[in-house]
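Worth saying up front: this structure is predicted, and the values here are computed from it rather than measured. In each ligand, atom 1 is the first atom listed, and ligand 1 is the first ligand listed.
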Amino acid sequence: MAPEEHLPPGQHVPRTWPVLHYGPVPKFRPERWDLRVHGATASGQECRWTWAEVDAISRDQVIADFHCVTKFTIPGVRWEGILATTLAGLVPPAGEATHVMVWAEYGYSANLRMSDFLADTTLLATHRDGERLTADHGAPVRMVVPHLYAWKSVKWVRAIEYLVADRRGFWEERGYHNVADPWLEQRYSYQE
Ligand SMILES: Nc1nc2c(c(=O)[nH]1)N[C@H]1C(S)=C(S)[C@@H](COP(=O)(O)O)O[C@H]1N2
Ligand SMILES: [Mo]
């Protein structure tokens with residue numbers, strides 16, 4: 001069987017892993033960096049962690065393909081990081097929270113359904129293939145949502161916001177699909 005037959009429709013495997021994002025690569029300054037979990041938390045409190053605190057949270061590994069809407073797929077990436085379910089255990093969302101907005105440096109964002117956020121392969125990755133992420137791939141932490149197109153896999157994450165109603169993120173406001181399932185080829189918002 002040709003390898004393409006294991007891929008979502010329209011995808012191919014490139015020779016090298018592209019670096020793809022909008023805008024500049026932020027400089028990581030650990031002493032000024034924090035990660036916030038805010039919005040509709042169960043406690044009503046927002047949580048703020050330093051880099052040392054985030055780096056001490058227990059990590060797991062996930063092996064998954066990575067699908068960009070520009071039609072490349074990177075097969076079998078080994079990610080390591082904080083599972084979204086671990087994070088949601090530390091800072092539980094309120095019962096009425098239905099969606100999550102993932103926020104990055106410079107205001108980039110992507111929205112997820114709570115069920116996609118809590119999927120067992122969604123994680124805040126710190127490592128890829130056994131090495132710390134490089135700056136251009138999202139260090140110190142990036143979201144990885146392997147079952148959705150990769151614009152939802154936000155690099156340089158600074159905040160997770162629990163939402164009680166859906167709101168569109170950066171690309172979702174600019175013509176891309178709100179859900180982004182690659183197996184259903186949910187590329188553009190006109191398909192919704
Ligand atoms: N903060 C931020 N994260 C981002 C983007 C971006 O522009 N800004 N681009 C997304 C897109 S479209 C893709 S395909 C992946 C690319 O990840 P990579 O550069 O590690 O291959 O990052 C995603 N995460
Ligand atoms: Mo992408």
Any M143 heavy atom less than 4.0 Å to ligand 1
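Judged by the 4.0 Å heavy-atom criterion, M143 does not count as contacting ligand 1.
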I'd like to know whether ligand 1 has G138 as a neighbour, heavy-atom separation below 4.0 Å.
no
Nearest option to [atom], as decided by whichever heavy atom of [options] sits closest:
atom: atom 11 (C) of ligand 1; options: Y149, W151, W156; value: W151
atom: atom 6 (C) of ligand 1; options: Y108, F170, Y176; value: Y108
atom: atom 17 (O) of ligand 1; options: H67, E105, R142, H137; value: R142

For ligand 1, which atoms sit closer than 4.0 Å to a heavy atom of [X]?
X: A104; value: 1 (N)
X: V19; value: 19 (O)
X: V154; value: 3 (N), 24 (N)

Between the side chains of [X] and [Y], is a donor N or O closer than 3.5 angstrom to an acceptor N or O?
X: T73; Y: H67; value: yes
X: H147; Y: D181; value: no
X: W103; Y: E161; value: yes
X: H21; Y: K155; value: yes
X: E172; Y: W151; value: yes

Do Y22 and Y108 make the cut of ring centroids closer than 6.0 angstrom?
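No - the distance between ring centres of Y22 and Y108 does not fall below the 6.0 Å cut-off.
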A side-chain contact here means heavy atoms from C-beta on lying under 4.5 Å apart; do P24 and Y106 qualify?
yes
What residue and heavy atom of the protein are closest to [atom], and at what distance?
atom: atom 13 (C) of ligand 1; answer: A150 O, 3.7 Å
atom: atom 14 (S) of ligand 1; answer: C68 SG, 3.3 Å
atom: atom 7 (O) of ligand 1; answer: Y22 N, 2.7 Å
atom: atom 21 (O) of ligand 1; answer: W17 NE1, 2.4 Å
atom: atom 3 (N) of ligand 1; answer: K155 N, 2.9 Å
atom: atom 16 (C) of ligand 1; answer: L20 O, 3.4 Å

Close N or O approach (F66, ligand 1; < 3.5 Å):
no
Contact check: S153 vs ligand 1, nitrogen or oxygen atoms, below 3.5 angstrom:
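Indeed, backbone or side chain, S153 has an N or O that close.
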Would you confirm whether E185, through its side chain, and P8, through its main-chain N or O, come within 3.5 Å as a donor-acceptor pair?
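Answer holds: no.
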Does a salt bridge link E173 with R168, judged by any charged N lying under 4.0 Å from a carboxylate O?
no
Using a heavy-atom cut-off of under 4.0 Å, does the side chain or the backbone of A110 touch ligand 1, or both, or neither?
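Neither part.
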Option among D65, L7, I63 that satisfies the side chain to side chain contact (heavy atoms under 4.5 Å, CB included) test with P75:
D65
Partner of F66 under ring-ring contact (aromatic ring centres under 6.0 Å, His included), picked from Y149, F72, W79, is W79
